[in-house]
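For reference, the structure is listed below as structure tokens.
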Amino acid sequence: MTKPEILVTRAVFPDVVERLSQYFEVEANPDDQLYSKDELIAKLQGKAGVFTTPSSSITAEVIAACPSLKAICNMAVGFNNIDVAAATQAGILVTNTPDVLNETTADFAWALLLAAARRVTESEHWLRAGKWQKWRYDTLLGADIHGATLGIIGMGRIGQAIARRSMGFDMNVIYHNRSRVPEQLEARANNARYVSKEELLRTADHVMLALPYSPEAHHTIGAAELAQMKPSATLVNIARGGIVDDAALIVALRAGRLAAAGLDVFENEPAFDPGFLTLSNVVLTPHIASASEPTRRAMANCAADNLIAALGGISPPNLLNPEAMAKIQGMAKG
Ligand code: 8YV
């Protein structure tokens, strides 16, 4: 029996590619080339599945141009790179990799908060530049984390994992979300209290963003929201570029209207706004919140599991569009 053909759009752990080749004819990308839209469409001709990442946009145009496609499996929890509605319409299954990265991503959100509020990277640059000549009472003063109010926007699985970690810092947690989460989850999330976005911005000492990107979430934090925040506050974004208006954030950080920021994601990344590089009160990392070796491996295997199930005629574990499955099953029954 001939194996279905698949495309792996980016370089990925060789053993995961090896695993996929037990089931599929795999066109992999070990040199990690970035495909243009036209290259992607050309490579997807005749392919039944695609193992992809958020750096490849699977738009309605790509979907329409690739009639053999049956499954799009993203190696990420976020899937704003995929037009799910167009995929559903075309009867293509779409999957993501939730849960396996919650704890690692929450760990990293804390790394950014601690580094930004306590000026860790700024201190190191200062020290390495030979500026440490004597002790002073006011050298690199930062904000306290312990006992402070933590505001989390987006109380999904990652937001909850961030909130749980605040217990050790005796923090008061408030959150805003599309809707309130069940009380038992709030209790586990350090008794997080649901508040309006305005109250959160006005009263939080530190704000962490953990919401998925959607057109409605675009610029959730813009100039108006930054103006509502405490000037002593820290903003952390481990969610997605576009949730923050980066130009407005640069203006606020430069003017000292916001004390500090820790950013792992950016608008138009990796070509982020170079204005950030002129600021010392921002900690910048290259989209690595999920990048621990075990977690990235788990994400890759999770995406592979989804692809193997989807093309094997089984409902994949992390199916985002069950309507597409129903459509396929309906077609099979005739
Ligand atoms: C990844 C992510 O770094 O899962 C997501 O949505 O943004 C990150 O965990 C990346 O997208 C992996 O492909």
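The structure presented is a predicted model; accordingly, all values stated were derived computationally and were not measured. Atoms within each ligand, like the ligands themselves, are counted from 1 in listed order.
Using a cutoff of 4.0 Å between basic side-chain nitrogens and carboxylate oxygens, R188 and E183 are not scored as salt-bridged. The residues R178 and E216 are annotated as not salt-bridged, no charged nitrogen and carboxylate oxygen being separated by less than 4.0 angstrom.
A donor and an acceptor atom, one from each side chain of N318 and T95, are nowhere located under 3.5 Å apart. Side-chain contact annotation: N190 with S166, donor-acceptor N/O pair under 3.5 Å present. Looking only at atom types and distance, the side chain of S55 has a donor-acceptor partner in the side chain of R10 under 3.5 Å away.
Near ligand 1, residues T53, P54, M75, A76, V77, G78, L101, R240, H287, S290, R296, M299 each place a heavy atom inside the 4.0 Å sphere around the ligand atoms.
Atom OG of S68 sits about 6.0 Å away from atom CD of Q45, to the nearest 0.5 Å.
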